[in-house]
Student: 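I'd like to ask you about the structure that follows.
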Amino acid sequence: MHVTSVPAPSSDWLAERLFDQRIVTLTGRLESEATNRAAASLALLDASGDGAVQVWLRSVDADVDAAAALLDTLDLMSVPLHVHCQGVVASVAVALLSPAERRTAAPHATFHLREPRTTCAGPASDIATATEHHSRQLRRLQGRIADSCGRPVDTVIDDMRAHRILSADEARDYGLIDTLTGARAAEEE
């Protein structure tokens with residue numbers, strides 16, 4: 001019996017192939033390492049050509065600092081930016097749609113508008129400082145979401161406090177995305 005050994009691809013082979021296509025995927029809870037890697041990838045793609053960059057948000061959640069850092073990176077990009085959503089886009093990760101020229105979602109995507117979870121420990125003065133920082137960052141991100149949707153910021157704040165969940169169709173009506181992609185979107189046209 002003859003056995004052929006095929007070397008296993010590196011752990012980042014898929015990310016490398018997507019990067020070659022100018023696609024960056026963000027998934028899961030965005031912690032500092034994932035946020036830094038995404039920001040570096042986006043900056044490199046921006047510097048390496050004039051073609052559009054696609055950001056795929058797949059079941060992604062973020063805290064205020066991660067979302068703000070990525071939003072700053074996206075705001076600095078000089079190439080066209082397209083953001084596509086799949087799964088659940090939760091909390092302030094929704095703000096990552098704001099700077100995109102084209103915002104799309106799969107038909108089964110959902111958008112969970114809610115205030116982000118945060119933790120803090122330490123002396124009362126540290127907790128007070130962290131709370132103030134968190135509140136300021138959250139209001140800035142809510143303002144970006146409101147601006148990109150054409151809604152009053154108070155509406156976005158109220159919807160996040162109420163943990164409002166939007167289907168892809170509802171997100172389009174709300175102004176979070178421009179269009180739906182996939183089979184259902186084709187049937188509607």
Side-chain angles (χ1 to χ4, degrees), residues 11-12 15 18-19 24-47 53 55-78 81 83-100 103 105 109-167 170-171 174-177:
S11 62
D12 279 350
L18 290 169
F19 187 84
V24 174
T25 61
L26 301 174
T27 186
R29 178 108 174 122
L30 296 180
E31 302 293 344
S32 61
E33 184 178 334
T35 301
N36 290 335
R37 184 173 174 89
S41 296
L42 290 164
L44 182 57
L45 286 172
D46 186 41
V53 170
V55 176
W56 290 357
L57 302 178
R58 289 189 171 149
S59 298
V60 67
D61 189 0
D63 65 26
V64 293
D65 290 328
L70 281 175
L71 191 56
D72 287 345
T73 301
L74 295 171
D75 283 340
L76 289 173
M77 295 183 69
S78 60
L81 176 65
V83 177
H84 180 69
C85 304
Q86 296 176 329
V88 178
V89 179
S91 187
V92 290
V94 172
L96 301 177
L97 292 157
S98 300
R103 303 170 299 167
T110 56
F111 299 81
H112 189 173
L113 301 176
R114 65 170 170 76
E115 292 182 338
R117 297 180 191 117
T118 189
T119 58
C120 185
S125 60
D126 290 353
I127 293 171
T129 301
T131 300
E132 182 181 328
H133 168 74
H134 176 82
S135 294
R136 271 195 321 271
Q137 286 285 69
L138 178 58
R139 294 302 170 256
R140 284 186 194 123
L141 294 170
Q142 289 168 326
R144 284 298 298 271
I145 294 167
D147 288 345
S148 71
C149 293
R151 294 190 174 269
V153 70
D154 289 338
T155 299
V156 172
I157 290 169
D158 290 345
D159 288 342
M160 291 182 91
R161 285 184 179 151
H163 288 250
R164 186 165 178 201
I165 298 175
L166 305 172
S167 68
E170 292 167 333
Y174 195 88
L176 288 174
I177 61 169

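Below, each value reflects all heavy atoms present in this structure, side chains not excepted, and no hydrogens, waters or symmetry copies. Here the structure is a predicted model, which means the values were calculated and not measured.
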Student: My understanding is that only residues two or more places apart in sequence, or in another chain, count here; which of them pass salt bridge (charged side-chain N to carboxylate O under 4.0 Å, His left out) with Asp75?
Tutor: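 Residues passing salt bridge (charged side-chain N to carboxylate O under 4.0 Å, His left out) with Asp75: Arg144.
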Student: With rounding to the nearest 0.5 angstrom, report the CD to CG distance, Glu31 to Asn36.
Tutor: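 It comes to 11.5 Å.
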Student: Any idea which heavy atoms bring Ala38 and Leu70 closest together, and the distance?
Tutor: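 Of all heavy-atom pairs spanning Ala38 and Leu70, the closest is CB-CD2, 3.8 Å.
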Student: Is the backbone N or O of Glu132 less than 3.5 Å from a side-chain atom of Ser135, with the two atoms forming a donor-acceptor pair by type?
Tutor: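 Side chain of Ser135 to backbone of Glu132, a donor-acceptor pair under 3.5 Å: no, none is there.
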Student: Apply the test side-chain contact (heavy atoms from CB on, under 4.5 Å) to residues Arg103 and Ser148: give CA-CA distance (whole Å), side-chain angles for both, the deciding distance (0.1 Å), then the verdict.
Tutor: CA-CA 11 Å; Arg103 303 170 299 167; Ser148 71; 3.8 Å; yes
Student: Give a yes or no on whether the backbone of Glu115 and the side-chain of Arg161 come within a donor-acceptor separation of less than 3.5 Å.
Tutor: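 No, the answer is negative, given that no donor and acceptor are paired below the 3.5 Å cut-off.
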Student: Looking at side-chain heavy atoms only, is the closest gap between Cys149 and Val156 below 4.5 Å?
Tutor: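 No, every pair of side-chain atoms sits at 4.5 Å or beyond.
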Student: Check salt bridge (charged side-chain N to carboxylate O under 4.0 Å, His left out) between Arg58 and all other residues, then give those that pass, not counting sequence neighbours.
Tutor: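 If we apply the salt bridge (charged side-chain N to carboxylate O under 4.0 Å, His left out) test to Arg58, skipping adjacent residues, there are no hits.
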Student: Taking all non-hydrogen atoms of both residues into account, name the closest pair between Asp65 and Asp63 and its distance.
Tutor: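 Result for this residue pair: N-OD1, 3.1 Å.
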Student: Can you list the steps and then say if Leu96 with Leu74 is a side-chain contact (heavy atoms from CB on, under 4.5 Å)?
Tutor: CA-CA 8 Å; Leu96 301 177; Leu74 295 171; 4.1 Å; yes
Student: Could you tell me which non-hydrogen atom of Leu57 sits nearest to which non-hydrogen atom of Ala93, and how far apart they are?
Tutor: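 It is CD1-O, 4.2 Å.
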Student: How about Leu176 and Ile145: do any of their side-chain heavy atoms sit closer than 4.5 Å?
Tutor: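 Answer yes - side chains close enough.
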Student: To check you understand the geometry: which heavy-atom pair defines the closest contact between Asp126 and Cys120, and what is its length?
Tutor: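 It is O-SG, 4.2 Å.
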Student: Quick one: are Pro99 and Leu81 in side-chain contact, heavy atoms under 4.5 Å?
Tutor: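 Yes; the side chains approach each other to less than 4.5 Å.
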Student: Identify the heavy atoms of Cys85 and Ala109 that sit nearest to each other, and give their distance.
Tutor: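 Heavy atoms only, the tightest pair is O-CB, 3.8 Å.
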Student: Contact between Leu42 and Val55 at the side-chain level, heavy atoms closer than 4.5 Å - yes or no?
Tutor: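 Yes. Closest side-chain heavy atoms under 4.5 Å.
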Student: Is there side-chain contact between Gln86 and His84, with at least one heavy-atom pair below 4.5 Å?
Tutor: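 A side-chain contact exists here, since the closest heavy-atom pair is under 4.5 Å.
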Student: If you define the side chain from C-beta out and look only at heavy atoms, does anything of Leu113 sit under 4.5 Å from Val94?
Tutor: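 Of all side-chain heavy-atom pairs linking Val94 with Leu113, at least one is under 4.5 Å.
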Student: Walk me through it: do Phe19 and Leu44 pass the test side-chain contact (heavy atoms from CB on, under 4.5 Å)?
Tutor: CA-CA 10 Å; Phe19 187 84; Leu44 182 57; 3.5 Å; yes
Student: Should His112 and Leu166 count as side-chain neighbours, where that means a heavy-atom distance under 4.5 Å?
Tutor: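 The answer is no, as the side chains (C-beta and beyond) never meet within the 4.5 Å cut-off.
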Student: Looking at every non-hydrogen atom in both residues, tell me the closest pair between Ser98 and Leu71 and how far apart they are.
Tutor: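 The answer is CB-CD1, 4.4 Å.
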Student: Salt bridge check: are Arg114 and Asp61 linked by an N-O gap of less than 4.0 Å?
Tutor: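 Yes, Arg114 and Asp61 are salt-bridged.
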Student: Are there over 12 heavy-atom neighbours, none belonging to Arg136, within less than 6.0 Å of that residue's CZ?
Tutor: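 Enclosed: over 12 neighbouring heavy atoms sit under 6.0 Å from CZ of Arg136.
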Student: Rounded to the nearest 0.5 Å, what separation is found between the OG atom of Ser41 and the CG atom of Leu26?
Tutor: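 So the OG of Ser41 and the CG of Leu26 are separated by 9.0 Å.
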Student: Give a yes or no answer on whether the side chain of Thr155 reaches the backbone of Arg151 with a donor-acceptor pair at less than 3.5 Å.
Tutor: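 No.
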Student: What distance do Ser32 atom OG and Arg37 atom CZ have between them, rounded to the nearest 0.5 Å?
Tutor: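 The distance works out to 13.5 Å.
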Student: With side-chain contact (heavy atoms from CB on, under 4.5 Å) as the criterion, how do Asp159 and Tyr174 come out once you've worked through the C-alpha distance, each side chain's angles and the decisive distance to 0.1 Å?
Tutor: CA-CA 11 Å; Asp159 288 342; Tyr174 195 88; 2.7 Å; yes
Student: Evaluate the side-chain proximity of Phe111 to Val88: yes if any heavy-atom separation is below 4.5 Å, no if none is.
Tutor: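 Of all side-chain heavy-atom pairs linking Phe111 with Val88, none is under 4.5 Å.
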Student: Which residues satisfy the salt bridge (charged side-chain N to carboxylate O under 4.0 Å, His left out) test with Asp46, sequence neighbours excluded?
Tutor: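 Expected list: none.
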Student: Look up atom OG1 in Thr35 and atom CZ in Arg29, then write down how far apart they are to the nearest 0.5 Å.
Tutor: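 Separation between the atoms: 9.5 Å.
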